[in-house]
Chemist: 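Before anything else, here's the structure in question.
In listed order, ligands and their atoms are each counted from 1. Keep in mind the model is a prediction, meaning the values are calculated, not measured.
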Amino acid sequence: MIKPGKLIVISGPSGVGKTTIYEEIKKLVPNIKRVVTTTTRLVRTNEVNGIDYYFIKPEEFKQKIERDEFLEYAIYSNNFYGTTKQEVFNAMKLGMNVILILDIQGAMNIKKIYPDALFIFLKTTNLDILRRRLILRGTDNEEEIARRLKRAETELKYESEYDYIIINDILSVAAQEFKKIIEN
Ligand code: ADP
Ligand code: 5GP
């Protein structure tokens with residue numbers, strides 16, 4: 001039986017499959033809602049404004065910081081990413097299991113505000129798998145992939161800060177593990 005209203009934070013290196021696994025989980029677990037966060041990075045070809053992110057200009061992002069609209073925000077690979085209070089509070093009010101897909105900085109900031117949230121770290125067995133996934137995804141150029149892989153090395157040092165570590169080598173296995181954790 002699912003207890004509604006859990007706050008679940010997912011982190012993991014770029015290309016590990018955070019977005020993909022969320023799409024799988026959605027099919028397996030009802031009553032789940034991913035918070036749409038806000039970013040200044042360029043929209044990828046398969047992304048839709050308002051569904052994948054709210055894509056805004058840096059000036060607009062800075063205005064939102066000044067108006068204290070973010071629960072947390074971070075700079076990742078030269079772009080701003082932030083979680084608006086409004087998106088999180090609205091999802092929580094609905095009594096849904098709320099999913100936040102954040103980088104390490106964001107997750108650690110949420111931990112200070114909501115220490116009882118569930119923190120899940122996704123990884124692959126090695127960096128080569130990540131590299132291949134980023135290349136196959138085809139959304140980032142070589143320089144950006146190198147930057148993300150470099151960052152992955154640092155990010156992996158933080159896995160002990162998380163309640164659960166899931167290895168996403170085989171998607172169906174990882175998704176089932178995820179489901180078990182959420183429904184526990
Ligand atoms: P993230 O959101 O963590 O950056 P994505 O969900 O965009 O990562 O996944 C990166 C790429 O890896 C995508 O092309 C996706 O289809 C692929 N992928 C994700 N999980 C797996 C998996 N378990 N096995 C093989 N490919 C995967
Ligand atoms: P990407 O550019 O690959 O979509 O995302 C880069 C990183 O930013 C990922 O680790 C993603 O989880 C994280 N991210 C997305 N939205 C937010 C946010 O609102 N805050 C923080 N701190 N990180 C975010």
Chemist: Measure the distances from the heavy atoms of V16 to every atom of ligand 1 and state whether one is below 4.0 angstrom.
Modeler: yes

Chemist: Taking the non-hydrogen atoms of R148, is any one of them nearer than 4.0 angstrom to ligand 2?
Modeler: yes

Chemist: Looking only at protein heavy atoms, identify the closest one to atom 24 (C) of ligand 2 and say how far it is in Å.
Modeler: Y81 CB, 3.6 Å

Chemist: What do you reckon, does R41 put a non-hydrogen atom under 4.0 Å from ligand 2?
Modeler: yes

Chemist: Counting N and O atoms only, with roles assigned by atom type, does the side chain of T40 sit under 3.5 Å from a partner on the main chain of F80, one being a donor and the other an acceptor?
Modeler: yes

Chemist: Taking 4.0 angstrom as the limit and counting only heavy atoms of L171, give me the atoms of ligand 1 inside it, by number and element.
Modeler: 23 (N)

Chemist: Does an N or O anywhere in G15 fall below 3.5 Å from an N or O of ligand 1?
Modeler: yes

Chemist: So which protein heavy atom does atom 2 (O) of ligand 1 come closest to, and at what separation?
Modeler: T19 OG1, 2.7 Å

Chemist: Measure the distances from the heavy atoms of I21 to every atom of ligand 1 and state whether one is below 4.0 angstrom.
Modeler: no

Chemist: How far apart are the closest heavy atoms of D163 and A117, and which atoms are they?
Modeler: OD2-O, 3.5 Å

Chemist: For atom 9 (C) of ligand 2, what's the nearest protein heavy atom and its distance?
Modeler: K18 CE, 4.0 Å

Chemist: For atom 19 (O) of ligand 2, find the nearest protein heavy atom and state the residue, atom name and distance (0.1 Å precision).
Modeler: G82 C, 2.9 Å

Chemist: Among the heavy atoms of Y76, does any lie under 4.0 Å from an atom of ligand 2?
Modeler: yes

Chemist: Any nitrogen or oxygen of I101, side chain or backbone, less than 3.5 Å from one on ligand 2?
Modeler: yes

Chemist: Only one of Q86, K64, K85, Q63 passes side chain to side chain donor-acceptor pair (under 3.5 Å) with E69; say which it is.
Modeler: K64

Chemist: Consider every N or O of Y53 and every N or O of ligand 2, then say whether any pair is closer than 3.5 Å.
Modeler: yes

Chemist: Would you kindly specify which portion of E144 sits under 4.0 Å from ligand 2, judged on non-hydrogen atoms: side chain, backbone, both or neither?
Modeler: neither

Chemist: Considering non-hydrogen atoms of the protein only, which is the closest contact for atom 23 (N) of ligand 1, and what is the distance?
Modeler: N168 OD1, 2.9 Å

Chemist: Kindly confirm or rule out an N or O of L136 lying under 3.5 angstrom from an N or O of ligand 1.
Modeler: no

Chemist: Tell me which protein heavy atom sits closest to atom 16 (N) of ligand 2, plus the residue, atom name and distance to 0.1 Å.
Modeler: T37 OG1, 2.8 Å

Chemist: I'd like to check whether T83 has a polar contact with ligand 2, where a contact means an N/O of the residue lying under 3.5 Å from an N/O of the ligand.
Modeler: yes

Chemist: So do E144 and S77 actually touch side chain to side chain, heavy atoms under 4.5 Å?
Modeler: yes

Chemist: In the protein, what heavy atom is nearest to atom 17 (C) of ligand 1, and what distance, to one decimal place, separates them?
Modeler: R133 CD, 4.0 Å

Chemist: Looking at atom 8 (O) of ligand 1, what's its closest protein heavy atom, distance included?
Modeler: G17 N, 3.1 Å

Chemist: Is the distance between the ring centroids of F121 and Y158 under 6.0 Å?
Modeler: no

Chemist: Who's the nearest protein heavy-atom neighbour of atom 7 (O) of ligand 1, and how far?
Modeler: R137 NH1, 2.8 Å

Chemist: Note the single closest protein heavy atom to atom 15 (C) of ligand 1, along with its residue, its atom name and the distance in Å.
Modeler: T20 OG1, 3.5 Å

Chemist: Which residue and atom name correspond to the protein heavy atom nearest atom 20 (N) of ligand 2, and how close is it?
Modeler: E72 OE2, 2.6 Å

Chemist: Regarding atom 22 (N) of ligand 2: of the candidates V9, V35, D103, which has the closest heavy atom?
Modeler: D103

